[in-house]
Amino acid sequence: VSSNSDPEVSASWPEGDTSPGLPRRVVITAIPAAVASAAVIGASGCTSPAGPSGAPATRFFSSHQAAVIEDATARIAPGPNDDPAEAGHPGAREAGVTTYIDAMLGSLGVLNASAGGGTPMIFAGGPWSNRHTSGPDLMATFSALDPVTRMAWRKRLAGWQQQYATGIATLDKLAGGDFTKATPAEQDKILAKAEVGTFRSLLFEHTIEGMYSVPEYGGNHDLVGWKDISYPGDSQPRGYTSDEVEQSDGRDPVDDTGVVADVLKFLGGL
Amino acid sequence: MTRKAVVVGSGAGGSFAAMELAQAGWEVVVFEKGPSHFSNLGGEGPIGTLFSNDDLKMNVRYFAGPDPEVFPRTWRSVGASAAQYTGSVNDLPQLVGGGTVHWDAKVPRFWDIDFQQLSALGPTPGADMADWPFSYADIAPYYDEVEQLIGVQGDVTAMPDAVLKHAPRGAFPMPPGPQQRSSLVVAAGATAVGMHPFPYPMAINSVPYHGQHVCNDCGFCSGYGCPVVARPAALMPLRAALRTGRVSLVPETMVTSVQLAGSGAAARATGVRWMRMTPGGPVTGRESADVVVMAASAIETVRLALLSGFPDASGKLGRRLMMHSFIDGTAIFTDERMHAYRGRSITQCAQDTCDPDFPGARAFAKANGLPYIRGGNMELGGSQDPIEEGQSYQTLLGFVRSSRPFGTEFKQLMRSSILRDRLAGCQLIGNDMPYLDHTVTLDPTVKDVFGLPVAQVTWSTGKYEQVAQQFYIPLLKKMMTAAGAAVALAVPATTDSGGLPTGFHIMGGMMMGADPATSVTDAYGRVHGLDNVYVADGSAFVTSGAQNPTNTIMAVALRNMRHLAGTPA
């Protein structure tokens with residue numbers, strides 16, 4: 001839910017008059033050029049150069065903040081080293097969820113740069129990645145944002161940066177100073193507390209995005225998120241055959257025990 | 001002398017308005033509030049695009065807009081109360097192509113009784129029911145023309161007699177494509193409970209058509225822009241318009257008012273004022289016009305009329321907002337994967353419940369104090385993608401694992417994929433009555449990025465709709481169970497949304513009619529009291545029908561704009 005809009009308008013607006021001459025710069029014939037001018041971020045653009053310690057440099061988080069988010073997201077979507085039940089199943093750590101979140105929050109700096117700041121990692125390009133075929137990854141070239149959309153994202157990311165700074169400080173406080181020093185069981189207890197519920201919801205949503213979005217955004221590293229859920233992801237420009245669309249893949253019973261059984265029972269009772 | 005029109009909006013209605021007027025020799029300026037994500041629109045051969053198989057970009061980050069941070073709306077369930085919500089309220093895409101960009105291109109036709117719902121079915125208590133100023137027979141040739149231009153797949157030989165009786169038609173321009181497994185499975189359940197499913201008419205190319213690609217069934221369909229532009233829809237009339245050389249399409253520019261001059265019978269528009277954001281701040285300007293055509297979609301067209309101070313002799317401007325009363329069905333299959341991530345989404349539909357004489361419906365209506373109830377077109381099949389699936393589990397874990405609503409259980413659910421790969425959806429697009437107190441007004445406090453009051457939507461589920469839902473929810477469950485679902489869940493869509501309207505079908509607010517005392521626009525969409533201002537979008541609708549509305553938006557826009565083009569200056 002958005003709060004009330006707070007227009008960032010100048011006091012005196014330049015007056016244009018399209019009656020004799022339309023704003024030809026933005027008529028449709030200029031669109032291919034505008035698309036072509038989108039700054040190019042290479043396929044590696046989502047992985048930052050290594051910092052002095054050997055750990056990846058971050059765009060927004062301090063190294064401590066990154067470590068807290070790394071631990072917290074690994075409790076939300078644990079991997080083999082986070083929960084024995086997840087042996088063989090990569091989690092947030094392996095998918096690079098912290099890198100995903102940091103790239104997103106760090107895009108505010110790109111948006112605020114007056115010029116030459118590059119293209120923020122908000123909208124991956126199109127129309128396809130060629131992931132399942134050969135050819136260039138066109139999703140890796142992020143799309144430019146129009147001026148109104150830039151304002152929207154400046155506002156949204158500024159709010160999220162604040163929520164992350166506050167949320168991380170709260171996790172540290174509840175852990176007696178440093179969330180990363182708490183045991184996994186203690187971290188779970190902290191994350192389950194009502195007082196961090198709002199931040200946990202935001203972090204959960206971003207963990208889901210970092211696990212299962214296209215990898216150009218910095219998460220889903222080596223497609224581990226998709227592979228773990230038997231999902232092929234983007235399919236263009238190959239698509240699917242008629243048989244693949246229409247035919248059954250055969251009998252494949254779900255393991256309907258534990259939480260799966262509980263959710264099925266819950267939904268069946270609605 | 002060449003006449004000049006300003007068209008506000010480049011979606012389903014605006015694209016046809018621009019084409020029709022430009023081909024008749026008019027000069028046309030089309031203002032589109034959002035950006036363009038297409039290239040080669042006015043050229044030859046395939047249209048290019050930045051759309052992609054990207055769940056995050058489309059379903060989370062508002063790539064097709066509008067972004068509620070800068071263009072919010074507000075919603076309240078009843079009038080005379082403060083808004084309960086600020087944000088996205090059934091927002092249609094805001095970009096070149098409008099609502100025909102994100103859709104999955106479903107183009108059923110309205111039935112004859114949708115256009116004559118008052119005279120055919122009688123009044124309904126509390127509703128402002130009325131007939132359209134024309135019949136199905138009058139609009140049918142325009143449906144034909146729209147479907148030929150945009151390209152529609154379907155199989156008339158597979159359509160049940162009842163549908164052809166209420167909406168007679170000839171052959172489709174192209175045959176149906178591959179049928180989704182999830183759709184076929186649910187359709188079998190529909191047949192088992194006595195309904196008559198058939199291939200959903202869709203504006204998706206199953207063969208090369210008018211220089212555009214064939215759909216390759218990538219699976220990223222509903223909610224996504226098409227990466228191969230195999231469902232160009234509004235882009236086809238836009239291309240035809242641009243090729244006349246008399247049309248300028250101006251994106252990223254919001255029309256902020258229609259400028260009026262004169263009063264009484266002499267009141268008319270002289271042009272529009274617009275605003276555009278630049279890195280240095282907003283820029284404003286004006287554009288003169290002989291005629292202004294409003295096609296910004298129902299809610300935004302009403303907002304523009306209110307911002308412009310339109311006359312309102314009938315008192316109905318902004319009233320009778322209709323949204324469709326959706327029922328969301330969820331069929332979960334535990335023995336087989338539905339793989340609805342492949343194919344054009346939802347390839348089967350059933351229209352049996354559009355009929356007020358569906359077995360048992362009249363009796364149920366009478367028992368609840370209503371003369372009749374109608375369900376609506378049922379969309380059979382389809383699913384959701386991993387990010388939305390994950391969000392569903394995030395919510396559900398709050399109920400079934402409240403002490404630790406995250407962790408390995410979340411990942412176990414994702415691997416089980418009960419709410420994605422094992423899910424087949426089923427939605428009923430319920431007939432929504434026109435109520436005078438379902439309205440679009442200007443919000444008293446919330447402003448958009450340009451400092452203008454946003455649209456305040458007042459809408460809730462009425463008694464007629466609630467009774468219809470009570471009658472049809474058991475049918476949906478029975479159908480999904482017959483299809484083999486282990487879990488068959490059906491709830492009004494407003495249950496999940498907290499009362500917010502859902503489904504992206506928005507109609508009414510500027511209703512057409514012959515009598516200025518009881519309608520906002522005339523029989524051709526011309527605003528009563530303003531002889532050179534027209535509406536050419538869903539705002540002109542008199543009833544909501546029981547079908548996806550876009551085909552009817554386009555056909556009515558074509559009819560009304562052809563009339564305008566043939567009217568002497």
Side-chain angles (χ1 to χ4, degrees), chain A residues 1-2 4-5 7 9-10 13-14 16-19 22 27-28 31-32 76 78 83 85-86 123-124 126-127 139 143 146-148 151-152 155-156 188 192 204 208-209 212-214 229 231 234-236 239-240 242 244-246 249 251-254 256 259-260 262-264 266-268 270, chain B residues 35-36 39 41 49-54 56-57 63 67-70 72 86-87 178-179 181 216-219 227 248-249 252 277-279 281-285 287-288 334-335 337 342-343 386-387 390 394 396 399-400 404 406-409 411-412 414-416 446-449 451 487 489:
Chain A
V1 177
S2 165
N4 290 3
S5 185
V9 291
S10 57
W13 298 341
D17 190 338
T18 54
S19 296
L22 281 164
V27 302
I28 199 69
I31 289 300
I76 290 170
D83 189 322
E86 290 298 307
F123 298 129
M139 286 186 179
S143 299
D146 64 75
V148 168
M151 292 170 67
K155 192 173 166 191
R156 175 173 292 118
D188 280 352
F204 203 148
I208 292 166
E209 294 168 17
Y212 305 113
S213 59
V214 297
I229 60 171
Y231 179 65
D234 54 304
S235 72
Q236 288 287 4
Y240 291 99
S242 296
E244 287 171 329
V245 172
E246 295 190 336
D249 286 356
R251 188 175 146 78
D252 182 3
V254 71
D256 55 355
V259 70
V260 175
D262 293 343
V263 167
L264 288 172
F266 178 81
L267 292 174
L270 290 178
Chain B
S36 172
S39 59
L41 203 48
T49 183
L50 287 169
F51 285 106
S52 52
N53 293 169
D54 185 339
L56 186 70
K57 181 164 86 172
F63 184 61
D67 191 317
E69 288 282 6
V70 284
T86 302
Q179 298 296 298
R181 174 81 185 149
N216 62 355
D217 291 292
C218 77
S248 297
L249 173 54
E252 298 176 26
M277 193 59 70
T278 72
V283 177
T284 67
E287 185 76 36
S288 65
T334 49
D335 284 339
R337 292 175 183 266
R342 308 173 194 160
I387 293 177
Q394 180 183 353
L396 286 163
F399 292 103
V400 302
R404 192 188 75 172
F406 52 84
T408 180
E409 287 86 355
K411 290 187 66 203
Q412 288 168 28
M414 288 297 296
R415 286 194 290 275
S416 79
V446 180
K447 308 281 199 291
D448 72 4
V449 70
V487 172
L489 174 65

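Chain letters run A, B, ... following the sequence lines, proteins first and then strands; every chain starts at 1. None of these values were measured; they are calculated from a predicted model.
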Item to check | Most chain B-contacting option - heavy-atom pairs closer than 4.5 Å, from A:Asp256, A:Val260, A:Ile229 | outcome: A:Ile229
Next on the checklist: At a 4.5 Å cut-off on heavy atoms, which part of A:Asp262 comes close to chain B: side chain, backbone, both, or neither?
Outcome noted: both
Next on the checklist: Salt bridge check, B:Arg337 against A:Asp249: does any charged N sit closer than 4.0 Å to a carboxylate O?
Outcome noted: no
Checklist entry - Which of the residues A:Asp83, A:Val148, A:Asp146 is involved in the greatest number of heavy-atom pairs with chain B at under 4.5 angstrom? => result A:Val148
Item to check | When A:Ala124, A:Ala192, A:Pro147 are compared by non-hydrogen pairs under 4.5 Å with chain B, the top option | outcome: A:Pro147
Checklist entry - Checking B:Arg342 side chain against A:Tyr240 main chain: does a donor-acceptor pair fall under 3.5 Å? => result no
Item to check | Qualifying residues under ring-ring contact (aromatic ring centres under 6.0 Å, His included), relative to B:Phe406, sequence neighbours excluded | outcome: none
Item to check | side chain to side chain contact (heavy atoms under 4.5 Å, CB included) partners for B:Pro178, two or more places apart | outcome: A:Ser242, A:Val245, A:Glu246, B:Asp217, B:Arg344
Next on the checklist: For the interface with chain B, which of A:Pro127, A:Gly268, A:Ala152 has the highest count of heavy-atom pairs at distances below 4.5 Å?
Outcome noted: A:Pro127
Item to check | Under 3.5 Å donor-acceptor, B:Asn53 side chain and A:Gln236 backbone | outcome: yes
Checklist entry - B:Thr408 side chain to A:Glu86 main-chain N or O, any donor-acceptor pair under 3.5 Å? => result no
Next on the checklist: Counting only non-hydrogen atoms closer than 4.5 Å, does B:Phe63 touch chain A with its backbone (N, CA, C, O), its side chain (CB onward), both, or neither?
Outcome noted: both
Checklist entry - B:Pro72 and B:Val446: which non-hydrogen atoms are nearest, and at how many Å? => result CG-CG1, 4.0 Å
Checklist entry - Using a cut-off of under 4.5 Å for heavy-atom pairs, which of B:Asp67, B:Asp335, B:Leu489 has the most such pairs with chain A? => result B:Asp335
Item to check | Max heavy-atom pair count under 4.5 Å with chain A, selected residue of B:Thr49, B:Asp54, B:Val400 | outcome: B:Asp54
Item to check | Proximity breakdown for A:Phe266 and chain B, heavy-atom pairs closer than 4.5 Å | outcome: side chain
Checklist entry - Which region of B:Leu396, side chain (C-beta onward) or backbone (N, CA, C, O), has a non-hydrogen atom less than 4.5 Å from a non-hydrogen atom of chain A, or is it both or neither? => result side chain
